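Presented below is the structure to which this report refers.
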Amino acid sequence: MAKILAIKFFEEPTLKVAKSLLGKTLARKSGGKLIRGIITETEAYVGPSDKASHASRGITPRTKIMFGDCGMIYVYLIYGMYYCLNIVTGKRGYPAAVLIRGVLSDGLNLNGPGKITRHFNINKNLNSKKLCKNSCLWIENSAEIDPKEIKSAPRIGVNYAGIWAKKAWRFYLKQKAAI
DNA sequence: AGATTGATCCAT
DNA sequence: TGGATCAATCTG
């Protein structure tokens, strides 16, 4: 029986959470169906001065969720077309989140945030909800990942962020992620 | 390589 | 109130 990750899991430092999430099972109940997938790629957005993070501009109606409690779901629309799924990490008042960027589900390699949210039926209704069964979106513990399987790379699409663009805060599984 | 799309933020 | 910006994806 798979075990649901405790909220405590997301209290850890964001970079650690981003790595730990690899190999875990993302579960979604939607329309009476249960969808599951293995997380293969994540990105970390850490702290108030991370220029690549929405939170670098301070608290706004959109970003305040990142300043809130860990284990919250942060969903936002990007380029007017695609939703991105993030999990808030760290302590209340410290803006940080992990972007879920790659998932293996139903034999599909969902290598992009927009593909994941489409396949999992994730939309803004889930924004600011807690990661748990009640919200119909949660993460289960599954096989431990050998740290040697984890690769890191610069984050995607943040060239504008200066020195922050160079941080290797994207993590993915060597075998499974095929980008 | 280009088009698409709309919420959000900041400067007026 | 308006314009610039954006953590993406698809098509050809």
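Note that this is a predicted model, so its numbers are computed, not measured. A, B, ... follow the sequence lines: proteins, then strands. Residue 1 opens every chain.
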Notebook entry, point to check: Is the ring of A:Y76 stacked on the base of B:dA7, with centres less than 5.5 Å apart and planes under 30° off?
Noted result: no
Note to self: What is the separation between atom CE on A:M81 and atom P on B:dT8, rounded to the nearest whole Å?
What the structure shows: 17 Å
Next item on the list: With the side chain of A:L99 defined as its heavy atoms from C-beta on, choose the nearest nucleotide among C:dA7, C:dA8, B:dC9.
Entry: C:dA7
Checklist line | Distance in angstrom units between A:Y83 OH and B:dA7 P, rounded | finding: 8 Å
Checklist line | Nucleotide B:dT8, atom C1' - distance to NE2 of A:H54 in whole Å | finding: 9 Å
Check: Heavy atoms under 4.0 Å, any strand shown: does A:K124 hit a base, just sugar-phosphate, or nothing?
Finding: sugar-phosphate
Item checked: Nearest to side-chain heavy atoms of A:K115, which nucleotide of C:dC10, B:dC9, C:dA8 -> C:dC10
Checklist line | Qualifying residue, where the test is salt bridge (Lys or Arg N to Asp or Glu O under 4.0 Å) with A:E140 and the options are A:K133, A:R36, A:K24 | finding: A:R36
Next item on the list: Take the protein atom NE2 of A:H119 and the nucleotide atom C1' of C:dT9, then report the distance between them rounded to whole Å.
Entry: 17 Å
Checklist line | Atom-to-atom span, CZ of A:R62 to P of B:dG6 - whole angstrom | finding: 16 Å
Check: How long is the line joining CH2 of A:W169 and C1' of C:dA7, in whole Å?
Finding: 14 Å
Notebook entry, point to check: Under 4.0 angstrom, heavy atoms only, what part of the nucleic acid is A:R155 near: base, sugar-phosphate, or nothing?
Noted result: nothing
Checklist line | d(CD1, A:I59; P, B:dT8) in whole Å | finding: 16 Å
Note to self: I need the minimum non-hydrogen distance between A:F120 and A:L110, along with the two atoms involved.
What the structure shows: CE1-CD1, 4.0 Å
Next item on the list: Report yes if a side-chain nitrogen or oxygen of A:R170 is closer than 4.0 Å to either non-bridging phosphate oxygen (OP1 or OP2) of C:dA7; otherwise report no.
Entry: no
Check: For the side-chain contact (heavy atoms from CB on, under 4.5 Å) test, which of A:L99, A:L26, A:L126 pairs with A:L85?
Finding: A:L26
Item checked: Atom-to-atom span, CD1 of A:I78 to P of C:dT5 - whole angstrom -> 14 Å
Note to self: Rounded at 0.5 Å granularity, tell me how far SG in A:C136 sits from CD1 in A:I73.
What the structure shows: 9.5 Å
Check: Given that both distances must come in under 3.5 Å, which nucleotide forms a Watson-Crick or G-U wobble pair with B:dT5?
Finding: none
Margin query: For a 4.5 angstrom cut-off between non-hydrogen side-chain atoms, does A:M66 reach A:Y74?
Written below: yes
Checklist line | Presence of A:R118 side-chain N/O under 4.0 Å of C:dC10 phosphate oxygens OP1/OP2 | finding: yes
Notebook entry, point to check: Think A:Y82 has a side-chain N or O under 4.0 angstrom from the OP1 or OP2 of C:dC10?
Noted result: no
Check: Partner of C:dA7 by Watson-Crick or G-U wobble geometry, both contacts under 3.5 Å, or none?
Finding: none
